[in-house]
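Take a look at the structure set out below.
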Protein chains: 2
Amino acid sequence: MAAMTPTAPLTPAARRVLEVATELFYTRGINTVGMELVAERAGVTKKTIYDRFGSKQQLVVQYLRARDARWREHLGGYLERAGDAPRARVAATFDALERWMDEENPRGCAMVNAYAELSDPEHPGRAVAEEQKRWLHGLYADLAERAGAADPAALGDALAMLHEGAVVARNVTGVRDAARTARAAADALMTVHGAD
Amino acid sequence: MAAMTPTAPLTPAARRVLEVATELFYTRGINTVGMELVAERAGVTKKTIYDRFGSKQQLVVQYLRARDARWREHLGGYLERAGDAPRARVAATFDALERWMDEENPRGCAMVNAYAELSDPEHPGRAVAEEQKRWLHGLYADLAERAGAADPAALGDALAMLHEGAVVARNVTGVRDAARTARAAADALMTVHGAD
DNA sequence: GTGAGTATACCGACCGGTCTGTTTACCTGC
DNA sequence: GCAGGTAAACAGACCGGTCGGTATACTCAC
């Protein structure tokens with residue numbers, strides 16, 4: 001449940017680089033941020049970055065993994081406190097999202113943004129984003145199934161769509177209570193699907 | 001209802017530039033595509049582009065407006081055929097979305113993508129995306145109100161979230177029947193909200 | 001003759017990435 | 001206990017290429 005910390009074998013300089021890159025790539029965009037800036041902000045030479053990460057592509061992959069890990073950890077805490085009832089757990093995902101968007105997500109979903117920026121189908125960062133979204137849909141599908149929904153796959157997808165849609169609504173449209181609205185809609189959908 | 005065609009006063013070369021830019025910016029991303037490539041593909045010199053559009057920023061704005069106009073026209077046809085019943089009209093928006101995603105949207109929502117790419121808050125392209133999303137939420141809020149929903153603003157937001165979420169689900173997660181799933185969920189939500 | 005276009009050269013800035021060489025610190029085996 | 005090796009980091013110059021944008025000069029059609 002706790003962090004898997006794949007950041008364990010990182011040298012101190014590499015850890016600083018990854019932290020700085022995570023912040024810069026998210027807030028300014030991947031293509032907008034050059035390696036020189038990352039190096040400077042981390043108090044490191046480009047040489048060090050390339051020695052540790054190999055290429056910008058791979059640094060981007062690490063960035064996406066790191067952000068995803070942070071989100072899953074955040075969500076995990078909410079799920080733990082929610083108990084076992086599927087319905088409460090679904091509600092908890094939207095509470096987690098609300099807090100996350102308030103505190104860590106001023107620029108929308110890092111995975112969706114990266115998917116937009118990395119148009120090259122070969123870029124390994126795309127696979128990270130895809131995997132993250134598949135995981136999220138799987139999470140909701142699992143909760144839908146445990147709740148005894150008639151069509152768990154469809155309900156799971158619908159819940160995930162509300163989740164993603166709330167992020168866009170908050171980020172681009174400026175809907176402040178997007179997560180709460182999504183949570184209420186999710187709860188209503190569960191009722192309709194005959195979920196506990 | 002029909003297209004406002006702000007493209008009317010464009011010279012033939014400018015029209016070609018806008019067409020090519022629209023295609024390239026959407027499929028490859030705004031920051032990835034250089035003006036030189038746009039010029040070459042349009043069979044035009046950079047001079048001509050800068051004479052007609054002034055800057056890349058403004059060409060991007062025109063691109064976003066052009067794509068939005070295409071989408072609204074597409075949607076308009078579906079709404080016209082759907083008749084006056086709000087519930088049928090809501091369903092029609094998801095049918096329109098399904099067709100749109102099949103035919104014109106292999107890379108997700110151009111507005112969301114642009115919002116991800118254009119991190120500079122001063123970039124005028126961001127305002128175009130914001131306006132487009134406000135319009136979409138307004139459309140759903142209006143339909144919710146006409147349907148006699150108890151809380152039209154909340155239902156409108158929820159419907160818009162399903163819409164946006166379906167785009168992400170289709171694009172990143174690869175959910176093939178995302179629009180149909182979203183449509184069913186939207187219909188269920190309308191029932192819950194006591195809409196006609 | 002004015003507006004729309006072509007052709008081409010150019011600008012400074014920045015991009016991702018490589019290179020040579022130096023310093024520091026820790027581990028290990030005779 | 002000291003030599004040798006290695007990993008991590010430093011400093012900083014350098015590479016070819018692309019970026020958005022500008023300048024000059026010429027053609028063509030209404």
Side-chain angles (χ1 to χ4, degrees), chain A residues 6-64 114 116-126, chain B residues 7-22 24-64 114 116-126:
Chain A
T7 38
L10 288 186
T11 65
R15 185 152 34 239
R16 256 151 49 217
V17 167
L18 187 52
E19 272 167 26
V20 164
T22 297
E23 167 74 11
L24 285 174
F25 285 158
Y26 178 68
T27 59
R28 301 198 197 179
I30 294 166
N31 291 329
T32 315
V33 172
M35 297 296 270
E36 202 114 27
L37 178 63
V38 174
E40 184 198 311
R41 289 290 187 92
V44 147
T45 50
K46 283 212 285 181
K47 181 79 164 57
T48 300
I49 300 186
Y50 280 92
D51 282 349
R52 298 295 133 241
F53 294 94
S55 67
K56 183 175 185 179
Q57 254 192 23
Q58 289 175 59
L59 180 57
V60 167
V61 167
Q62 295 277 70
Y63 145 60
L64 292 173
E117 286 207 81
L118 310 176
S119 58
D120 176 7
E122 305 294 320
H123 197 297
R126 290 177 70 89
Chain B
T7 37
L10 288 186
T11 65
R15 184 151 36 238
R16 256 152 47 218
V17 167
L18 187 53
E19 274 167 26
V20 164
T22 297
L24 284 174
F25 285 158
Y26 179 69
T27 58
R28 301 198 198 179
I30 293 165
N31 291 330
T32 315
V33 171
M35 296 296 269
E36 202 114 26
L37 178 62
V38 175
E40 184 198 311
R41 289 289 187 94
V44 147
T45 47
K46 281 211 286 182
K47 178 85 162 53
T48 301
I49 299 185
Y50 280 92
D51 283 349
R52 298 296 131 237
F53 295 94
S55 67
K56 185 176 184 179
Q57 252 193 25
Q58 291 175 58
L59 180 58
V60 167
V61 167
Q62 296 276 69
Y63 145 61
L64 291 172
E117 285 206 81
L118 310 176
S119 57
D120 176 8
E122 305 293 320
H123 198 296
R126 288 177 72 89

*Just checking A:V17: base, sugar-phosphate only, or nothing, at a heavy-atom cut-off of under 4.0 Å?*
nothing

*Measuring from B:R16:CZ to B:I49:CD1, what's the distance to the nearest 0.5 Å?*
10.5 Å

*Let me know the distance between NZ of A:K46 and C1' of C:dC15, rounded to the nearest Å.*
8 Å

_Spacing of B:N31 atom CG relative to C:dG16 atom C1', expressed in whole Å_ = 16 Å

_Donor-acceptor contact below 3.5 Å, side chain B:N31 vs main chain B:E117_ = yes

*Side chains of B:L59 and B:L18: does their closest heavy-atom pair fall under 4.5 Å?*
yes

_Could you tell me if the side chain of A:T48 sits less than 4.5 Å from the side chain of A:T45, heavy atoms only?_
yes

*Spacing of A:L37 atom CG relative to C:dA13 atom C1', expressed in whole Å*: 15 Å

*asked:* Could you tell me how far apart B:E40 (CD) and D:dG20 (P) are, to the nearest whole angstrom?
replied: 14 Å

*asked:* Against B:Y63, only a single residue in B:F53, B:Y26, B:F25 fulfils ring-ring contact (aromatic ring centres under 6.0 Å, His included); can you say which?
replied: B:F25

*Can you tell me the distance, in whole Å, between the NZ atom of A:K47 and the P atom of C:dT18?*
10 Å

*For B:V33, which contact category applies under a 4.0 Å heavy-atom criterion: base, sugar-phosphate, or nothing?*
sugar-phosphate

*Look at the side chain of B:K56 and the backbone N and O of B:I30, then say whether any donor-acceptor pair between them is shorter than 3.5 Å.*
yes

*Whole-Å distance separating the CD atom of A:Q57 from the P atom of C:dC15*: 18 Å

*Is the backbone of B:L118 close enough, under 3.5 Å, to the side chain of B:R126 for a donor and an acceptor to pair up by distance?*
yes

_Contact residues, residues 48-56 of chain A to DNA chain D [heavy atom, < 4.0 Å]_ = A:T48, A:R52

*asked:* Measure CD/A:E117 against C1'/C:dC15 and give the value in whole Å, please.
replied: 15 Å

_Euclidean distance, atom CD of residue B:E36 to atom C1' of C:dA7 [Å, nearest integer]_ = 12 Å

*Does a side-chain N or O from A:T45 land closer than 4.0 Å to OP1 or OP2 of D:dA11, or not?*
no

